[in-house]
Structure formats: structure tokens, C-alpha cells
Amino acid sequence: MLIVTTDAPFLTPEAVAQFLAACPADADICIPLVERRAFESQYPGLVRTDTPLRDGWYRLGSLFLLDPQTLLRVRPHLEGMFAARKSNLQMARLIGLPFLMRYLLHRLSVDDIVARACDLLQCRGVAVRDLPPELAFDIDIHQEYDYACAYAARQNAPTLPERATESLKRKETAR
């Protein structure tokens, strides 16, 4: 099952196909990672939250590939992780105090996190790397929307729909 967020304005069929092609057939959960330098190269000046790890700085992509049976089994754990996804510290707490300490000391690697998550969820998970930056561009705040509009205009691409603008304004006003 492919889960895609609704706030990824530059997602392309090619980027999705590249992610799917990189996912091992025997994996229960595949999560895309985009390295900070690749993201900043394509979207310069956009301030984002990156996760500092021993082997680099990464951000999650906006789509996930999951085996449906595994999803049903691990759903409570995934919901907790999803709720904590914007906080690196909360994510580290979910996987244990030793990981929190290693995170704070910048001694965690992607492989360490994958191994711990697989152990907790009792499944085979994979962090898929070297993916297109557009997989990690999402819109959570008004500044990201403004950036996306300006970027789209520079690329001669259509701007984001007015309906999305109104929805984002309501979201910002509610905060």
C-alpha cells in the first residue's frame, strides 16, 4: 500500500516511480530519506527541519510503502511515530533512552534507527536513500506555501490551486 501525504506540491510520477523501484520487494515498510544537501540544492533558502545523524542530515519523504497486513499489526506504534514525526527528540524517545542519548550525542545512524524500529515493530523496514528532493518538500506553514508558489513561478509551472491557498490560510489563522 502506498501512502502519500496531500501537501507535497512538487511530487512527480517519476519521483514516485524512482522511490517504488528502490523499495525491496520483501520489505514490510519502506520510508524515503532525502539528504539535506540534495534538498537544499534544489530548494535553496527554504529552512526545514533536518534530522542530524552520524552519517548525515536527513528529512523524511512524503510517501511510504507498507505491506497492508503489517500496517494493521503495527498501526498503534506507527500512529505514535506519526504524531512525533516533527520532533526529532520525541521520535528518539519513542525508540528508547539509549537512542535518545545517542541522538543527542549525534551518534545515531540511519541503520541504527532502522534496526531499532524493525526490532520494535517486528517487521522488515528499509530507509530508501538517494531519492529526488521533491519527495521531501511538503507544506506545513505559510512560508513554505509562499516558497512553493515562488518556486513554481520560477519553473514556469502552474502555481498551487487557490483552494489550497484558502485551506492554508485557514490553518494559519487557527494557529
Side-chain angles (χ1 to χ4, degrees), residues 1-24 27-68 70-71 74-96 99-100 102-104 106-121 123-145 147-148 151 168 171:
M1 171 179 2
L2 182 65
I3 298 174
V4 182
T5 66
T6 60
D7 61 351
F10 302 121
L11 201 58
T12 64
E14 295 80 18
V16 173
Q18 187 174 340
F19 168 65
L20 293 174
C23 293
D28 296 314
I29 300 173
C30 294
I31 297 175
L33 292 182
V34 174
E35 204 273 327
R36 176 168 71 175
R37 279 180 257 142
F39 187 90
E40 288 177 349
S41 175
Q42 184 155 334
Y43 305 109
L46 180 62
V47 177
R48 299 289 305 199
T49 302
D50 297 310
T51 302
L53 299 173
R54 187 177 68 223
D55 47 353
W57 291 67
Y58 297 93
R59 62 192 72 215
L60 287 176
S62 296
L63 66 163
F64 311 92
L65 185 65
L66 298 106
D67 170 69
T70 301
L71 176 60
V74 302
R75 182 177 172 186
H77 296 292
L78 292 179
E79 287 175 350
M81 289 178 175
F82 183 79
R85 77 191 183 286
K86 298 292 181 179
S87 169
N88 295 330
L89 289 176
Q90 285 181 4
M91 287 295 288
R93 282 187 195 119
L94 285 174
I95 58 176
F99 269 71
L100 175 59
R102 289 177 64 195
Y103 168 76
L104 292 172
H106 298 278
R107 292 193 174 149
L108 272 184
S109 69
V110 171
D111 291 340
D112 294 333
I113 293 171
V114 169
R116 180 69 177 137
C118 291
D119 186 49
L120 287 172
L121 299 175
C123 68
R124 180 164 186 271
V126 176
V128 182
R129 303 182 209 198
D130 299 322
L131 294 169
E134 56 267 29
L135 293 178
F137 190 115
D138 62 355
I139 297 176
D140 294 321
I141 59 174
H142 193 59
Q143 289 83 359
E144 293 166 346
Y145 175 78
Y147 187 98
Y151 182 87
L168 185 60
K171 225 177 170 179

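Please read all numbers here as calculations on a predicted model, not as lab measurements. In what follows, residues are counted from 1 in the order of the sequence shown.
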Inset, instruction - Could you tell me which residues satisfy side chain to side chain contact (heavy atoms under 4.5 Å, CB included) with Ala127, sequence neighbours excluded, listed by chain and number? - result: Leu33, Val110, Val114
Legend entry - Matching residue for Cys123 among Ile29, Leu66, Leu71 - test: side-chain contact (heavy atoms from CB on, under 4.5 Å): Ile29
Legend entry - Partner residues of Asp111 under the side chain to side chain contact (heavy atoms under 4.5 Å, CB included) criterion, sequence neighbours left out: Ser109, Arg129
Legend entry - Student check: side-chain heavy atoms of Cys30 and Pro24 closer than 4.5 Å: yes
Inset, instruction - Return the orientation label for the His106 and Tyr103 ring planes: parallel under 30°, perpendicular over 60°, tilted otherwise. - result: tilted
Inset, instruction - Find out whether Phe137 and Pro9 are in side-chain contact, i.e. whether some heavy atom of one side chain is under 4.5 Å from a heavy atom of the other. - result: yes
Legend entry - Side chain to side chain, Glu134 and Ser62, heavy atoms closer than 4.5 Å: no
Legend entry - Candidate pair Phe10 and Tyr151, rule ring pair (Phe, Tyr, Trp, His ring centres under 6.0 Å), full reasoning: CA-CA 10 Å; Phe10 302 121; Tyr151 182 87; 5.0 Å; yes
Legend entry - Of all pairs that satisfy salt bridge (Lys or Arg N to Asp or Glu O under 4.0 Å), the ones with a partner from residues 59-68, not counting sequence neighbours: Asp50-Arg59
Legend entry - Approximate separation, where rounding is to 0.5 Å, of Asp140 CG and Tyr145 OH: 15.0 Å
Legend entry - Carboxylate-amine/guanidinium proximity below 4.0 Å for Asp112 and Arg54: yes
Inset, instruction - Check whether any side-chain heavy atom of Leu2 sits under 4.5 Å from a side-chain heavy atom of Val16, and report yes or no. - result: yes
